[in-house]
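Chain naming here is simple, since letters A, B, ... match the order of the sequence lines and numbering starts at 1 in each.
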There are 2 protein chains.
Amino acid sequence: MARQTSSRTVLPTRRVSSGEAEAVCSEHHSGSGAAVEPLELPESQRMAEFFSVLADPTRLRLISLLAGSEFCVCDLAERLGVSESAVSHQLRALRGARLVRYRKEGRQVFYQLHDHHIVDLYGTVREHLAE
Amino acid sequence: MARQTSSRTVLPTRRVSSGEAEAVCSEHHSGSGAAVEPLELPESQRMAEFFSVLADPTRLRLISLLAGSEFCVCDLAERLGVSESAVSHQLRALRGARLVRYRKEGRQVFYQLHDHHIVDLYGTVREHLAE
DNA sequence: CCAATACATGAACATAGGCTCAGGTATTTG
DNA sequence: CAAATACCTGAGCCTATGTTCATGTATTGG
């Protein structure tokens, strides 16, 4: 196990240097004077984009099916009760986020989860929502 | 222009059970005939709603700051370079998802992460994106 | 009490995203 | 080849959402 949670945020060098005048409450920092830098904007955008892929019921249900076994597109569509077009669009998003992989067999395309990360996420969120 | 969108068209609730064999490729199920049911729609919506809260750069940067220590609202606003109003709106979303907690001290409100779940998620996603 | 600070909230505007529709590509079949 | 199947994709419609702006509430200070 040993999930290493590096308590240090990773990216420095982001000085908010806008010409904005400063507030007063800045003197009340409860933490030490150590620079606590936020996540950089570009990386926060990449991460938000990733979470956006998970922020859709249809895609989550696709993932839940693929967690059980692999399926071809039309089976996924039928089981979710949505059009093949919609499924195909959503699978494209999942592919883009490297959440699923596929293999072709004749004219069918079988999709499966890409790796275990998504299952970990799934479990953690279920745990959070169950509380 | 008005198409047949009479009802909500959001949740068809099409209960395709065993009788309705529409597609042809259904016979290629790789799994056994066991019912592989997808995540139920209501739960998938709750989960999507939760991921939606994480699907925003500003909120992720707020979380990254709060992972280091607690902060009052105007400090968060200053460090991210966004308005206090925007921060307040986003903190509301984070509160709703039980991702942050707050304590009042005078006229200031100090926010901190609610529990460890978000840090786990954060780590898993960083790992996924780093590959 | 009145002004200022710190934060919250509703409305409005601009953008992003999911679905349907209408094709398009690739593979199998007659 | 031509039709059918399985899947992909661009365009457009409609809804959801993040921000700003203006205002409201609570606490501190003169």
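- Only one option out of B/Leu113, B/Val53, B/Ile118 pairs with B/Leu94 in a side-chain contact (heavy atoms from CB on, under 4.5 Å); it is B/Val53.
- Backbone-only engagement by B/Tyr111 is indicated by non-hydrogen atom pairs under 4.0 Å involving sugar-phosphate atoms exclusively.
- If you find the closest nucleotide of DNA chain C to B/Val73 and to A/Thr58, the one lying nearer the 5' end belongs to B/Val73.
- Here A/Phe50 pairs with B/His128 under the ring pair (Phe, Tyr, Trp, His ring centres under 6.0 Å) rule; sequence neighbours left out.
- The CD-P distance, from A/Glu70 to D/dA6, rounds to 16 Å in whole Å.
- A/Arg101 is linked by a side-chain hydrogen bond (donor to acceptor under 3.5 Å, both in side chains) to nothing, counting only residues two or more places apart in sequence or in another chain.
- Residues A/Pro38 and B/Arg79 share a closest heavy-atom pair of CG-O, 4.0 Å.
- Between the CZ atom of A/Arg61 and the P atom of C/dG18 there is a distance of 15 Å, rounded to whole Å.
- If you measure from atom CG of A/Leu62 to atom P of C/dG18, you get 12 Å, rounded to the nearest angstrom.
- Remark: A/Ser44 engages A/Leu39, A/Leu41, B/Pro57, B/Arg61 in a side chain to side chain contact (heavy atoms under 4.5 Å, CB included) (not counting sequence neighbours).
- For the pair B/Glu84 CD and C/dA6 P, the computed distance is 7 Å after rounding to whole Å.
- Counting heavy-atom neighbours within 6.0 Å of A/Tyr122 OH, excluding the residue itself, gives a total above 12.
- Between A/Phe71 atom CZ and D/dA6 atom P there is a gap of 16 Å when expressed in whole angstrom units.
- Applying a 4.0 Å cut-off to non-hydrogen atoms, the residues of residues 85-101 of chain A that approach DNA chain D are A/Ser85, A/Ser88, A/His89, A/Arg92, A/Arg95, listed by residue number.
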All N/O pairs under 3.5 Å across the protein-nucleotides 24-30 of chain C interface:
none

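- In this structure, the CG atom of B/Leu60 is 15 Å from the C1' atom of D/dT17, given to the nearest Å.
- Annotation: A/Glu49, atom CD; neighbour count of heavy atoms from other residues, nucleotides and ligands within 6.0 Å does not exceed 12.
- Rounded to whole Å, the distance from CD on B/Gln45 to C1' on D/dT15 is 14 Å.
- Under the ring pair (Phe, Tyr, Trp, His ring centres under 6.0 Å) criterion, A/Phe51 pairs with no residue at all, not counting sequence neighbours.
- The distance between atom CG of B/Leu41 and atom P of C/dG18, rounded to the nearest whole Å, is 15 Å.
- Heavy-atom minimum distance, A/Glu131 versus B/Arg98: O-NH2, 3.3 Å.
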